[in-house]
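Chain letters run A, B, ... following the sequence lines, proteins first and then strands; every chain starts at 1. The basis for the numbers below is simple: all heavy atoms, side chains too, and nothing from hydrogens, waters or symmetry mates.
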Amino acid sequence: MILALDTPPIDWFALAPTLALLTAGALNLILAVLWPKSWKRPTTAVVCALGFAGAIVAAALLFSHSADGHGVIADVIQRDRLGALTAIIIAGAGILAIGTSYSEPMADDHIAEYYALLAWAGAGMVFLASASTLLTLFLGLEWFSISLYILCAIDRDLAGSLEAGLKYLIIGGFGSAMLLFGSALVYGATGRLEFGEIANVVQAQDLSGDALLVAGLALLIGGLGFKASAAPFHMWTPDVYEGAPTPVTAFMSAATKTVALVVTLRILVTAFPQEARLWTVTIAVIACASLAVGNLAALVQKGVKRMLAYSSISHAGFMLIAVASDNALGGRALLYYLIPYSAMSVGAFAVVATRERELNRPVTLDNLAGFGWERPLLGISMMTFMLGFAGFPLTGGFVGKFYVFAAAYEHGWIWLVIVGLAATAVSLYYYLGVIRAMYMRPTEELQLAPVGGSPPRELVLQSTVTAALVVTVGSFFAVQPLIHVAKEAAASLPF
Amino acid sequence: MSSGWLTTALILFPVAGALLLWVLPLRPFAVGSTALLFALVEVGLWIDSVAQFDFSQPGLQLDQRTSWFSDLHVSYHVGFYGFSIWLVGLTTVVLAAAIGYAFWAGRERPRAYYGLMLLLTGAIVGVFVAQDLLLFYVFWEAMLVPLYVLVGVWGGAGRLRATLVFVIYTMAGSLLMLASIIVLGLSQGTFDLVTSGTNGSDWIFLGFVAAFAVKAPLFPLHAWLPEAYRESSPEVAAVLSGVVSKAAAYGFLRIAIAKFPGPVSDFRTPILVLAACGLVYGSLLAFRAPDVRGVIAYSSLAQMGLITLGLFAVNDLGLNGAVLQMVNHGLISATLFLLAGGIERRTATGELALLGGMARGRPALATVLLTAGVIALAVPGSAAFAGEFAILAGVFQTGWGYAVVGAVAIVLAAMYILRLISAVLHDRVGSAVPEAALDLRPAELGVVVPLVAILLALSAWPAAITERSFVGSAANVVGRAAK
């Protein structure tokens, strides 16, 4: 007997960004077996980049054709501009991460798998960005997390890589379990999986404040907090960022954070509008904790990767301020902030990656001495990224912070603005510390010699860093168009 | 071409010069001369804008406005008022002199150095012409970045500590200002300085005051000052004390006083008292300072106190005098710092105890230093006398006590300037002064003499500024800007 299943109509267009990345990943796995070894590295990188580029094109088309957001494929996926814009940011970070990976000295025998996993991680994130039920939420989350677990551990020659992968696996697994348990509780309370329906049921049955629902909400926030590396769910971040291959760290710091924060915003606003009084305060507290932990711990770091890891925790805090504001301006602020932030983050890690290759050891503030003068382009770029993180003008980081604070003010939380400003003041010390290390200390202070010869030209990496620089500075001047796009995307949510 | 483009050009031209220097692989000499050329053309642009400016018309002129992002009503809005055009003039002239001095003295890594100096020029001009709160903040911060690198890379041995203290202080103030800007702009629905109205919130006012008081600096927020002025190269110190401090005074005038009439009258007494304290305290410290730069640095603290006294008198005499004194002090302290640089080059020290007797056989140095010094101590007939007199007369109307303090401080100014002059030029020949130390070279004279010449011209005709800063009554103009 044939089991008759009702297959829902499938909107292939809505899935196109995900499919482009899945195809690229699959193609790379085939190449891994069939392709000559010496061609593998360039070919698979190009295929992966084409996959991300295809995702960008598809997402851009999707953006322009999804003015009215609606559920597709039996309502498990929300086809809207929020998902499309998030997909563009993720895929952009992906392309920059490929540029960072290109000259990474990784063993040739699993380079194709590396790019395949990168594409799949991207696919999972793009999928998750549009998830509109608890089921697809978990599916997308695990999808990209598993890819990232392997990516973190993929470089067996790198000390700490395996450890990073394992640590991320165990703690990430804990986070996923929290998310799953939270989903179960919410389902138990409302009997629905779809975000919109959860809100409707809570409204109809007057479930607001129900213990099961609130506990579920708390666990969901916690689970997503792990992925966004917000305090107090951040403890894996420094170790994993430090141990993982730098290009993977670059991708994680930009793309994982992007998707985790966007999904947090989406689920809170769509599924739990009745609990807004609870979760706005909770998110604000988490934001403050992240700002405190990230900034204070970053002050004492010697390793640049570790410092950037803590800085990424503090930026999760800044962006959560936008989420906590629970208004359209906050949504706009978050989506705008993510654009320069992703570029700066990947760019900064790319510069670290190149210095690592130059010295063949982890980059600390000490062995950055004189770097800015030796490599003018990378030095200027790194300086711009640091100034951007610190929120100086002429970078998008400034406008992003301005919007975040404006959103908090509009919510009526001036205290949150003050906390954010205080955190910014503290962060200056370590961001300017990098500039100090690069420019204000003579090269003679550098105690170790570079590996030998003049540094490699690394055209791909330099173009990557330049692209990140252009986005960082360009987003300062092109605020109007970017904010317009962010506004359209945030309009997908029922504020 | 609309005349507003001239204002934009004043900002963008030096920035374009900076980018050009960074991109083109020029030789060191070509880099320095190109930078100087850009700085001089910038002065020319300023002269053109003075020529186009109609001093009999009130309101904003040579303005240009384009929306930057519309949802929060932020725009690129620039333009000149009478008083701001003089401060822009001060900026272009002092920066040109500073770049000229650096060109003569020679700096390592010239492309980076001159590029940053030009970038700084554009940023400071931007502060003086910005008519949008957020744009003002953008230029305000953009000013800090090149300064940070200029002091941190080309400064003296203690530069790292000096830059750290400098940045922490200024950023603490700036971030409070940012909070104020956000609250003020969003609550008014516009960030435009021209169309926005006045505000009565004390907290917002204090946020702005914090930023300006640190940057000026105003007593007791001056802890960053001595180190920053001592550790930076002389031309950067000249820019810091001559121009950057005026950006703070301008902020008091354009934002704090014009936009917050209520809080100004609430906080006028504490601010005036602090300014008077700074005036006396700075003068005393200048009198006791052991080195040339210390004298100039602390005299700068004192002078900023005096200017603040004039501003917060909020009457015609005080405001006119303050604007004149801003230009005067900018030129004086730039001249003195550049001369201090010249002295340090010759003797490898700035310690007054090791200096002395430099007048003998060095007539040019003696003449220029004495002229600048005499103007600095506000000898009657000098530009500084006109400025200080107007300020004291203005603040006298607020409270005679302030005028008495100010008068005492002018006596103290005579003491520390004469001490400086006698310790450097006269007295016994100092142990650090080599017999072979040359008089001022033609290039140095070319840099310093124009500054002194402008001061002399202003001494002859201070009304050039005082009658062309505000149309009609100064206090009314500020009040009108506040409407």
Q: Identify which of B/L144, B/V149, B/L134 forms the greatest number of heavy-atom pairs closer than 4.5 Å to chain A.
A: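 It is B/L134.
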Q) From A/F405 CZ over to B/L186 CG, what is the distance, rounded to the nearest 0.5 angstrom? A)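 It is 12.5 Å, given to the nearest 0.5 Å.
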Q: Measure the OG1-CG distance between B/T163 and A/L432 for me, rounded to the nearest 0.5 Å.
A: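 These two atoms lie 8.5 Å from each other.
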Q: Among the options A/K487, A/R332, A/M383, pick out the one with the most heavy-atom pairs lying under 4.5 Å from chain B.
A: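 Ranked by heavy-atom pairs under 4.5 Å with chain B, first place is A/R332.
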Q. Quick check: does any side chain N or O of A/R436 sit under 3.5 Å from a backbone N or O of B/L164, one acting as donor and the other as acceptor?
A.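 Absent.
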Q.
Under 4.5 Å from any heavy atom of chain A, what part of B/Y148 do you find: side chain, backbone, both or neither?
A.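 Both parts, backbone and side chain.
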Q. Side chain, backbone, both or neither: which part of B/I181 has an atom under 4.5 Å from a heavy atom of chain A?
A.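 No part of it gets close to chain A.
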Q.
What I'd like to find out is whether the side chain of B/W22 reaches to under 4.5 Å of the side chain of A/P376, using heavy atoms alone.
A.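 They are not in side-chain contact.
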Counting heavy atoms not belonging to [X], are there more than 12 under 6.0 Å from its [atom1]?
| X | atom1 | value |
| --- | --- | --- |
| A/Y429 | OH | no |
| A/F495 | CZ | yes |
| B/W203 | CH2 | no |

Q | Close contacts, residues 221-232 of chain B versus chain A, judged by heavy atoms under 4.5 Å | A |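 Expected list: none.
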Q. Which of residues 171-178 of chain B have a heavy atom under 4.5 Å from any heavy atom of chain A?
A.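 Contacts with chain A: B/M171, B/L175, B/L178.
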Taking all non-hydrogen atoms of both residues into account, name the closest pair between [X] and [Y] and its distance.
| X | Y | value |
| --- | --- | --- |
| A/Q480 | B/S67 | OE1-OG, 4.4 Å |
| A/M440 | B/R159 | O-NH2, 2.7 Å |
| B/Y137 | A/P393 | O-CG, 4.4 Å |

Interchain contact, [X] with chain B, by part (heavy-atom threshold 4.5 Å):
| X | result |
| --- | --- |
| A/F477 | backbone |
| A/L329 | side chain |
| A/L421 | both |

(Q) Classify the ring geometry of A/F402 against B/F69: parallel below 30°, tilted from 30° to 60°, perpendicular beyond 60°. (A)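 A/F402 vs B/F69 ring planes: perpendicular.
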